[in-house]
Amino acid sequence: MPEQLDLNLLRVFDALLQDGSVTAASERLHLSIPATSRALGRLRRAMGDPILVRAGRGMAPTPFALRTAPRVRSLLDEASALISADREVTVAELQRTFTIRINDGVAATLAAVAVDATAAVAPGVTLRFVAEGSESIEALRDGSVDLDIGAGDIVASDMRSAVLYRERIVGIVRADSPLGRRPTLRQLCRHPHVSASRRGRARGPLDDALDDAGLQRHVAAVVPTSAVAALLVASSQYIGLVPQRLAEQYGQSLGLRWFPIPAPLPEVEVRLLWHARLDADPAQRWLRDTIRDALRPPRESSDRID
């Protein structure tokens, strides 16, 4: 008779895939190493797959395990939500890893705030940030991603979203740049620009404003994120356009100054996105509320060019 899967075995599977090690998984699950090893044996018989195979000094998941992991994570989330839907979560005792997909530019200003806010009250919580790479909502549906944080919105009946904050785009230059303190659009066009675009686009809203004024800028480089743009500007005479939070938080340490763009550029709206099945999970609600509460509108900074 084939092995029967239960939630406990699925929890072992999830831990093994997260840690890639029987020893680490046993520590996560508070089980002995022999007990975890026996559970792996049961999983292999039940699933008809090795799950983890030796790779050098460590172990690597099989293709089957990688395909199955998101579905197992989704099942565990649904089971947790079913059991705890009407209960309050004891945050201080919470032992959980949340996977957050986030853009590098947003992560530069949000990750530290989110980690500090959660660690202060839930030391057993781990926030696992992963790069966007793709905007597909399937990762939210299958449970491999708990939250997506980024600009824009995805419309789907099974998705939920909330605005985290809105902010404007500002210009940045090196502190010793010859650019004037309050540059005009014409002055901005006298210097090369670096464009931040994950899709590799050199053109953006500023170019529309320049077209209306009969002007054109030269984009010398296109980089994937605002964070990379800031680093490039810090080592060149380029002008960059980045979110104000990023300019405020890292401008001084990178030797940058920021200034308002003399054009009506659209604000950036950063949103939280999650799957509807996680609405009932108190731990997920706590995480969303904690991240929202930790963020405040950007304050005026002395790094601005006045």
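Note: hydrogens, waters and symmetry copies are ignored here, and every other heavy atom, side chains too, is used.
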Worksheet item: Do V12 and L43 come within less than 4.5 Å of each other through their side chains, counting heavy atoms only?
Response: yes

Worksheet item: Passes side chain to side chain contact (heavy atoms under 4.5 Å, CB included), L188 versus F259? Steps please.
Response: CA-CA 11 Å; L188 289 178; F259 55 86; 3.8 Å; yes

Fill in: From M47 atom CE to T68 atom OG1, the distance as rounded to the nearest 0.5 Å
6.0 Å

Worksheet item: Could you state the interatomic distance from CG (L265) to CD1 (I169), rounded to the nearest 0.5 Å?
Response: 7.5 Å

Worksheet entry | Side chain proximity check, R292 to L272, heavy atoms < 4.5 angstrom | yes

Worksheet item: Quick check: are there more than 12 heavy atoms from other residues, nucleotides or ligands sitting under 6.0 Å from CZ of R71?
Response: no

Worksheet entry | Audit row: E267, E167, side chain to side chain contact (heavy atoms under 4.5 Å, CB included) steps and yes/no | CA-CA 5 Å; E267 287 188 323; E167 66 176 331; over 6 Å; no

Practice prompt. Report the C-alpha separation of V223 and S195 in whole Å, then their side-chain angles, then the decisive distance to 0.1 Å, and conclude whether the side chain to side chain contact (heavy atoms under 4.5 Å, CB included) test is met.
Written response: CA-CA 6 Å; V223 295; S195 174; over 6 Å; no

Worksheet item: Would R271 count as a cation-pi partner of Y165, with NZ or CZ less than 6.0 Å from the six-membered ring centre and within 45° of the ring normal?
Response: no

Worksheet item: Could you state the interatomic distance from CD1 (I172) to CG (L241), rounded to the nearest 0.5 Å?
Response: 8.0 Å

Fill in: L246 side chain reached by V106 side chain, heavy atoms, under 4.5 Å
no

Practice prompt. Drop me the distance from R160's CZ to R277's CZ, to the nearest 0.5 angstrom.
Written response: 12.0 Å

Fill in: Member of L206, D207, V233, V222 meeting the side chain to side chain contact (heavy atoms under 4.5 Å, CB included) criterion with H193
L206

Worksheet entry | Value rounded to 0.5 Å, distance of CD in Q95 from CZ in R28 | 9.5 Å

Discussion item. Would you compute the distance between atom CG of L52 and atom CE of M59 and round it to the nearest 0.5 angstrom?
Written reply: 5.0 Å

Discussion item. Between L31 and I33, is there shared hydrophobic-cluster membership here, with clusters defined by ILVMFWY side-chain heavy atoms closer than 4.5 Å?
Written reply: yes

Worksheet item: Closest approach of T62 and V53, non-hydrogen atoms and distance?
Response: CG2-CG1, 3.9 Å

Item to complete: Kindly indicate whether the side chain of P178, heavy atoms from C-beta on, has any atom under 4.5 Å from the side chain of Q237.
Response: yes

Discussion item. Just so I know, are the side chains of V170 and P260 near enough to count as touching, which here means a heavy-atom distance under 4.5 Å?
Written reply: no

Worksheet item: Under a 4.5 Å cut-off applied to non-hydrogen side-chain atoms, are I100 and V130 in contact?
Response: no

Item to complete: Kindly indicate whether the side chain of R101, heavy atoms from C-beta on, has any atom under 4.5 Å from the side chain of L147.
Response: no

Worksheet item: Side chains of T99 and R128: donor-acceptor distance under 3.5 Å anywhere?
Response: yes

Item to complete: Examine distances only and state if a side-chain atom of T290 and a backbone atom of W286 form a donor-acceptor pair shorter than 3.5 Å.
Response: yes

Worksheet item: Looking at side-chain heavy atoms only, is the closest gap between L287 and T118 below 4.5 Å?
Response: yes

Discussion item. Walk me through whether W274 and D279 qualify under side chain to side chain donor-acceptor pair (under 3.5 Å).
Written reply: CA-CA 8 Å; W274 67 94; D279 277 344; 2.7 Å; yes

Item to complete: State plainly whether one hydrophobic cluster holds both V163 and M159, where clusters connect Ile, Leu, Val, Met, Phe, Trp and Tyr through side-chain heavy atoms under 4.5 angstrom apart.
Response: no

